[in-house]
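Since the structure comes first, as structure tokens, the remarks are kept for the end.
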Amino acid sequence: MKKIPVWIDTDTGVDDAVGILTALKLEPIEVVGVSAVAGNTYQNNAFRNARDVISLGGREDIRVYPGAERPLVKKLKVAPHVHGDNGLGEAEIPRSKAPIETTKAWDALYEKAKELKGELVVCPVGPLTNIAIAITLHPDIVDYIKVLNIMGGAAIGGNVTPCAEFNIFTDPHAAQTVLKSGIPVNMCGLDVTLKAFLDDDDIAEIISYGNKASDLFRDSNHMIYEARERVHESGLAEHDSCPIIFTAYPELFEGQKCGIYVETQGTITQGKTVTDLWSDYKFPDRHCTFILDVNQPEFAKLIKTAYKSY
Ligand code: RIB
Ligand code: CA
């Protein structure tokens with residue numbers, strides 16, 4: 001069966017690394033490119049981490065491109081309290097030996113999207129800055145990206161403010177550009193990602209594999225784990241694995257078509273993804289789907305199977 005070509009745009013933090021290492025092992029998809037963006041950590045860390053995680057996954061053939069060092073308008077505010085100063089929870093892994101790409105993310109993504117003639121699925125799992133720049137510099141990219149399967153937003157709730165999720169809050173202007181572009185979107189927001197968790201048994205099982213991927217999982221997750229303890233979450237939410245596993249196995253998820261736009265100006269609501277899911281008023285343009293539920297045991301099993309194979 002023909003594999004789905006996937007491009008991952010990442011602010012290579014701890015859960016991003018889980019998503020990337022899982023992506024490399026999912027049968028239905030083929031990662032054809034990766035790009036780094038500032039978000040969880042500075043772009044230079046995200047770029048280095050993406051290269052090193054791809055290398056740790058044994059795929060130095062996959063090219064990794066540098067991207068935006070700051071949001072379009074807002075100042076960058078990284079998240080060392082969750083992802084550490086280096087972006088990987090202070091875990092150290094070997095440096096990639098792959099050649100260092102200098103082509104910018106937005107140009108490399110455009111070229112790959114054109115090359116694949118509209119078949120490319122893009123999974124942004126960080127702020128949408130690179131995607132927005134690509135749309136602005138190369139407007140016809142909207143004809144070549146099949147769908148954006150995004151980790152971001154929340155129909156209800158937030159994790160940076162009561163109504164905004166980190167990726168969208170970090171660069172709401174980029175998110176608005178992307179959502180107004182007309183490219184079809186499957187939005188994996190907190191509504192589903194907080195249900196897409198690894199429980200304590202799953203975590204223990206992954207660590208028990210004792211391979212290089214599971215050692216990175218063990219060594220990088222302690223800050224997120226402690227944060228989970230503080231907020232009493234039921235498990236370790238693997239936010240960034242959601243759009244990636246959705247791309248490979250959409251049947252494990254449930255969603256609803258809707259319109260989604262972003263509040264960019266609000267003093268309290270900035271970064272909120274405004275959706276017409278539960279509103280009598282429906283946006284005229286409803287080219288998105290909000291993903292709202294997941295088969296968590298099967299989701300966790302796919303991550304465990306991927307990690308066991310390293
Ligand atoms: O809100 C969760 C998102 O913010 C994830 O992508 C995580 O990596 C951070 O970027
Ligand atoms: Ca991320």
Side-chain angles (χ1 to χ4, degrees), residues 7-23 34-43 45-50 53-54 64 67-68 70-71 74 76-84 86-89 91 105 122-131 148-172 174-175 178 186-198 216-217 220-221 223-225 227-228 231 233 235-247 262 270-273 290-291 294 303:
W7 183 288
I8 299 173
D9 189 70
T10 172
D11 57 341
T12 335
V14 176
D15 63 315
D16 304 66
V18 176
I20 292 167
L21 289 168
T22 300
V34 176
S35 48
V37 65
N40 288 324
T41 189
Y42 298 103
Q43 194 281 150
N45 287 341
F47 180 51
R48 181 202 61 234
N49 293 345
V53 168
I54 287 287
V64 179
R70 52 152 299 164
K74 289 179 73 174
L76 175 64
K77 192 169 182 300
V78 294
H81 58 297
V82 178
H83 298 273
N86 74 346
L88 290 179
V122 180
C123 292
V125 294
L128 292 164
T129 318
N130 288 342
I131 314 302
L148 292 166
N149 293 340
I150 295 172
M151 192 283 133
I156 296 172
N159 58 5
V160 186
T161 74
C163 61
E165 176 277 331
F166 178 83
N167 289 336
I168 308 301
F169 181 78
T170 297
D171 197 342
V178 171
N186 293 301
M187 186 71 102
C188 293
L190 296 175
D191 319 87
V192 67
T193 65
L194 289 174
K195 298 175 185 174
F197 59 82
L198 297 171
L216 173 60
F217 184 92
S220 62
N221 267 286
M223 289 179 180
I224 294 188
Y225 200 82
R228 161 181 102 87
V231 299
E233 280 174 12
L236 214 44
E238 293 305 333
H239 303 281
D240 292 343
S241 296
C242 257
I244 290 165
I245 293 178
F246 171 82
T247 303
V262 178
Q270 187 184 49
K272 176 162 182 52
T273 44
F290 236 113
I291 307 302
V294 61
I303 295 177

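The chain is numbered in sequence order, starting from 1. Numbering of ligands and ligand atoms starts at 1, following listing order.
A distance-only check finds no donor-acceptor pair linking the side chain of Asn149 to the backbone of Phe246 [under 3.5 Å]. Proximity of a side-chain donor or acceptor of Thr273 to a complementary backbone N or O of Ala154 within less than 3.5 Å is detected. Between the His83 side chain and the Val14 main chain, a donor and an acceptor come within less than 3.5 Å of each other.
Just one of Val125, Leu88, Asp16, Val78 meets the side-chain contact (heavy atoms from CB on, under 4.5 Å) condition when paired with Asn40; it is Asp16.
In this structure, Asn186 and Pro243 have side chains that are not in contact, with every pair of non-hydrogen atoms separated by 4.5 Å or more. Between Phe169 and Lys272 the shortest side-chain heavy-atom distance does not fall below 4.5 Å. In this structure, Val294 and Cys242 have side chains that are not in contact, with every pair of non-hydrogen atoms separated by 4.5 Å or more.
Under the side chain to side chain donor-acceptor pair (under 3.5 Å) criterion, Thr41 pairs with Asn45, not counting sequence neighbours. Remark: Ala175 engages Leu128, Ile168, Val262 in a side-chain contact (heavy atoms from CB on, under 4.5 Å) (not counting sequence neighbours).
Any protein N/O/S atom under 3.0 Å from the Ca ion (ligand 2) was counted, giving 5 altogether.
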Tabulate distances under 3.5 Å between N/O atoms of ligand 1 and N/O atoms of the protein, writing both atom names on each line.
| from | atom 1 | to | atom 2 | distance (Å) |
| --- | --- | --- | --- | --- |
| ligand 1 | 1 (O) | Asn159 | ND2 | 2.8 |
| ligand 1 | 1 (O) | Glu165 | OE2 | 2.6 |
| ligand 1 | 4 (O) | Asn167 | OD1 | 3.3 |
| ligand 1 | 6 (O) | Val125 | O | 2.9 |
| ligand 1 | 6 (O) | Asn167 | ND2 | 3.0 |
| ligand 1 | 6 (O) | Asp240 | OD1 | 2.6 |
| ligand 1 | 6 (O) | Asp240 | OD2 | 3.1 |
| ligand 1 | 8 (O) | Asp15 | OD1 | 2.6 |
| ligand 1 | 8 (O) | Asp15 | OD2 | 3.2 |
| ligand 1 | 8 (O) | Asp16 | OD1 | 2.9 |
| ligand 1 | 8 (O) | Asn40 | ND2 | 3.0 |
| ligand 1 | 8 (O) | Asp240 | OD2 | 3.0 |
| ligand 1 | 10 (O) | Asp11 | OD1 | 3.4 |
| ligand 1 | 10 (O) | Asp11 | OD2 | 2.9 |
| ligand 1 | 10 (O) | Asn40 | OD1 | 3.0 |
| ligand 1 | 10 (O) | Asn40 | ND2 | 3.2 |
| ligand 1 | 10 (O) | Asn167 | OD1 | 2.9 |

